[in-house]
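Here is the structure we will look at.
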Protein chains: 2
Amino acid sequence: MESLTVGQAAARTGWSPRMLRYLERAGLVIPARSASGYRQYGLLELNQLRSLGELRRRFGVGIDELAFTVRLQQEPALQAAVETWLAGTQLSALDWEQRKHERLLAA
Amino acid sequence: MESLTVGQAAARTGWSPRMLRYLERAGLVIPARSASGYRQYGLLELNQLRSLGELRRRFGVGIDELAFTVRLQQEPALQAAVETWLAGTQLSALDWEQRKHERLLAA
DNA sequence: GCAACCTTGACACTGCTCTGTTAGGTTTCG
DNA sequence: CGAAACCTAACAGAGCAGTGTCAAGGTTGC
């Protein structure tokens, strides 16, 4: 055994097989492949799927928001521009995200 | 004078009046109001509009990504969850954002 | 007072995210 | 072998972001 197929991983993480394929294409959770092309989900991938699910369910975080965090850490020019902009805004932007979060929870 | 109406602010920042109203509703740039309800854009708002425009044009950053940054700084639980998730993923998420950025630039 | 500009609200369209489903074909397992 | 599960690709549809435009009415400035 050693690793799970897409259906087995789906059953254990609460995602649908469709979504696991989507997440792979999105670059968020990328399993190894068997010789015949089957996806192989190991412990690492299962943990990623669980924490990703929690991030989305509990905090309403989307894919690009997550990826943006990575980008911020790796592009100093972008980070500087964002911080400059933040200086003048602050609270109002927080309101926006909170309202979005409420919408997600209501659905 | 002292402050600009929505049309004047639009002319000076490159946004359309429609977008300035949209940005206000989104909570990103919120002008004061005159006694009769007209929006009043001052220096602060003009600078916010310019830096916001640069963030979007040069870096392809969207509203929720910006707001998410603020949220990260203010919700320690969220920040911790994101960092936990980041530990297992890293490069692949960056790829995603870069591909999105390329799509935006191509349009 | 009238033209030009403002206000809100609504309709509409493009494009993207997320998710399901269906179709045609391959692999695994009992 | 045959059923069940996998693969890719495609179509589909809700929902939201972003943007324009139009309508009905209020405000400003010459």
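So you know, we letter chains A, B, ... as the sequences are listed, proteins then strands, and number each from 1.
Atom pair B:Arg57:CZ and D:dT19:P shows a separation of 11 Å (rounding to whole Å applied). In this structure, A:Glu65 places its CD atom 12 Å from C1' of D:dA17, rounding to the nearest Å. Rounded to whole Å, the distance from CD on A:Glu24 to C1' on D:dA9 is 15 Å. The interatomic distance linking A:Leu23 (CG) with C:dC18 (P) rounds to 9 Å, in whole Å. Between the CE atom of A:Met19 and the P atom of D:dC6 there is a distance of 17 Å, given to the nearest Å. Distance B:Gln8 CD to C:dC6 C1': 11 Å, rounded to the nearest Å. Between B:Leu4 atom CG and C:dC6 atom P there is a gap of 11 Å when expressed in whole angstrom units. For the pair B:Phe68 CZ and D:dA17 P, the computed distance is 16 Å after rounding to whole Å.
For the pair B:Arg56 and D:dG18, the criterion of a side-chain N or O lying under 4.0 Å from OP1 or OP2 is met. Here A:Thr5 does not reach the OP1 or OP2 of D:dA5: none of its side-chain N or O atoms lies under 4.0 Å away. When the side-chain nitrogen and oxygen atoms of A:Arg18 are compared with OP1 and OP2 of C:dC18, none of them lie within a distance under 4.0 Å. Taking side-chain N and O atoms only, A:Ser16 has a distance below 4.0 Å to OP1 or OP2 of C:dG20. Remark: B:Ser36 is not in phosphate contact with C:dT7, judged by side-chain N or O atoms under 4.0 Å from OP1 or OP2. Within the structure, every side-chain polar atom (N or O) of B:Arg39 is placed at least 4.0 Å from both OP1 and OP2 of C:dC6.
Under the side-chain hydrogen bond (donor to acceptor under 3.5 Å, both in side chains) criterion, A:Glu54 pairs with A:Arg58, sequence neighbours left out.
With B:Leu52 as the partner, the side chain to side chain contact (heavy atoms under 4.5 Å, CB included) test is satisfied by one option alone out of B:Val29, B:Asn47, B:Val61: B:Val29.
Using modelled atom types, one side-chain atom of B:Arg12 and one backbone atom of B:Gln8 make a donor-acceptor pair closer than 3.5 Å.
Contact annotation: the side chain of B:Thr13 never approaches that of B:Tyr41 to less than 4.5 Å [non-hydrogen atoms, C-beta and beyond]. Residues A:Arg33 and A:Arg39 meet the side-chain proximity criterion, which asks for heavy atoms closer than 4.5 Å.
Residue A:Arg21 is classed as a base contact, given a heavy-atom separation below 4.0 Å to a base.
Mapping A:Ser34 and A:Trp15 onto DNA chain C by nearest heavy atom places A:Trp15 closer to the 5' end of the strand.
The base of D:dG20 has none of its N or O atoms less than 3.5 Å from a complementary donor or acceptor on the side chain of B:Tyr22.
For B:Tyr38, the side-chain atoms get nearest to C:dT7 when compared with the rest of C:dT27, C:dG9, C:dT7.
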